[in-house]
Q: 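Below is one structure. I have some questions about it.
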Amino acid sequence: TFANGTLPAKWADHVQNFMFSKDGAAYINCVDGILKVNANDSVEVLSYVRDNQLLNGLGDLRVASLVDDRWIWCTTTKGLARFDIEEATWEYLNSNPQLKSGFSGSWLIHSGSFANGKLWFTTFMKPKGAKVRYLYSYNLVADVLDSIPIAPSLERKQPFSDLVNSVLELADGSLKLATEDLGLLTYVSSQKRWEQQLNSGHMKGNLPQGPIKTLFEDRDKNLWVSTESGLSILNASNFFINYPTAKTFSGNQLSLTGI
């Protein structure tokens, strides 16, 4: 029923994430472009990437963030770009040599977020020869790229996947990572170390079983976590409140892939 059922059918299965402006409009970042759902539920196609000569060939749109209610910063599988809502124009932002080198090599952005002038992101593939995955931060103003090795104390039996599905910088400045098999990771920047909360669904107050997909912090600073087993809220007491998902008519449990 979202948007009165008027979401273009060819885009409906390719939604990456939602963004909301102060005037109540919703922006939907899809693989092939950006849609806007106005407060009256009318839908506008702001940009269709396949029709844009600048972006066509850079791969699918991945992570997007609305900045100052004017710009939508986007990562694609092969680059970084910014959409000006007022001018309806795109700007390609891969001038940084490290970014250019990474995207021309093995980089395929899998997850990320924009916060406080920085883009935080992870990639599908580890750097060649590396034993650990890296969390990257790109300062949009200073044009500086940094990286943090993701190397928590592992408590999983082999084999496991350390793929990061979502990155979120909280209001207090801490970083949270939603992972496939390593649970919920928190980077303590003052001590330059990682903390790990594993999925132990059989215990009350713990994360449910299964991969963690996305993260969201609300205005009351509760952390919402979507997993393949349902929705969870991490409150100020560091206690998880879990809401299992419904099942389909065939009996299969629904998997939440976004918040």
Q: Quick check: closest heavy atoms across A171 and E217, and the distance to 0.1 Å?
A: N-OE1, 2.8 Å
Q: After noting the C-alpha distance and the side-chain angles of D143 and Y138, does the key distance pass the side chain to side chain donor-acceptor pair (under 3.5 Å) rule?
A: CA-CA 7 Å; D143 193 26; Y138 173 59; 2.4 Å; yes
Q: With sequence neighbours left out, what residues match K176 under side-chain hydrogen bond (donor to acceptor under 3.5 Å, both in side chains)?
A: T186
Q: Given L223 and L168, is the side-chain contact (heavy atoms from CB on, under 4.5 Å) satisfied, shown in steps?
A: CA-CA 10 Å; L223 181 66; L168 180 65; 3.8 Å; yes
Q: Of all the heavy-atom pairs spanning W90 and S47, show the shortest one and how long it is.
A: NE1-OG, 2.7 Å
Q: If you measure from CG on L119 to SG on C74, what distance do you get to the nearest 0.5 Å?
A: 10.5 Å
Q: Could you tell me whether the side chain of L135 reaches within less than 4.5 Å of the side chain of V164, counting heavy atoms only?
A: no
Q: Could you check if a side-chain atom of S21 sits within less than 4.5 angstrom of a side-chain atom of L66, using non-hydrogen atoms only?
A: yes
Q: Check the hydrophobic clustering (I, L, V, M, F, W, Y; side-chain heavy atoms under 4.5 Å; chains of links allowed) and say if V37 and F20 are grouped together.
A: yes
Q: Using the side chain to side chain contact (heavy atoms under 4.5 Å, CB included) criterion, which residues pair with N222? Sequence neighbours excluded.
A: D218, D220, W224, I233, N235
Q: Has the side chain of N40 got a donor or acceptor atom that lies under 3.5 Å from a matching backbone atom of S42?
A: yes
Q: List for me each residue that meets side chain to side chain contact (heavy atoms under 4.5 Å, CB included) alongside S147, sequence neighbours excluded, and say none if there are none.
A: Y134, Y136
Q: Could you state whether V45 and F18 fall into the same hydrophobic cluster, counting links through intermediate Ile, Leu, Val, Met, Phe, Trp or Tyr residues with side-chain heavy atoms under 4.5 angstrom apart?
A: yes
Q: Return the set of residues passing side-chain hydrogen bond (donor to acceptor under 3.5 Å, both in side chains) with T122 (not counting sequence neighbours), or none when no residue passes.
A: S111
Q: Donor-acceptor pair, distance only, cut-off 3.5 Å: does the side chain of E195 make one with the backbone of V188?
A: no
Q: For the pair W194 (side chain) and P149 (backbone), establish whether a donor and an acceptor sit closer than 3.5 Å, ignoring hydrogens and angles.
A: yes
Q: Looking at OG1 of T179 and CD1 of I212, how far apart are the two atoms once the value is rounded to the nearest 0.5 Å?
A: 5.5 Å
Q: Tell me whether F121 shares a hydrophobic cluster with V144, the cluster being built from Ile, Leu, Val, Met, Phe, Trp, Tyr side chains joined at under 4.5 Å.
A: no
Q: With distance as the sole test, does S65 use its side chain to make a donor-acceptor pair with the main-chain N or O of S113 at under 3.5 Å?
A: no
Q: Quick one: pull up CD in E180 and CG in L163 and give me the separation to the nearest 0.5 Å.
A: 6.0 Å
Q: Out of curiosity, does I241 fall in the hydrophobic cluster containing L231 (side-chain heavy atoms, cut-off under 4.5 Å, transitive links)?
A: yes
Q: Would you give the length of the straight line joining atom CG of L177 to atom OH of Y187, rounded to the nearest 0.5 angstrom?
A: 11.5 Å
Q: How long is the gap from OH on Y27 to CG on L46, to the nearest 0.5 Å?
A: 6.5 Å
Q: State, to 0.1 Å, how close A25 and K36 come at their nearest heavy-atom pair, and which atoms those are.
A: CB-CE, 3.7 Å
Q: Please check: side-chain N/O of D69 versus main-chain N/O of K22, any donor-acceptor pairing under 3.5 Å?
A: yes
Q: Report the C-alpha separation of I72 and N29 in whole Å, then their side-chain angles, then the decisive distance to 0.1 Å, and conclude whether the side-chain contact (heavy atoms from CB on, under 4.5 Å) test is met.
A: CA-CA 9 Å; I72 296 178; N29 175 40; over 6 Å; no
Q: What residues form a side-chain hydrogen bond (donor to acceptor under 3.5 Å, both in side chains) with D84, not counting sequence neighbours?
A: R70
Q: Who pairs with D172 by side chain to side chain contact (heavy atoms under 4.5 Å, CB included), at least two apart in sequence or on another chain?
A: L170, S174
Q: How many angstroms lie between CG in L215 and CG in L234, if you round to the nearest 0.5 Å?
A: 10.0 Å
Q: Got V31 and L61 here, is their nearest side-chain heavy-atom distance under 4.5 Å?
A: no
Q: Any donor and acceptor pair, going by atom type alone, linking the side chain of R82 with main-chain N or O of T89 inside 3.5 Å?
A: no
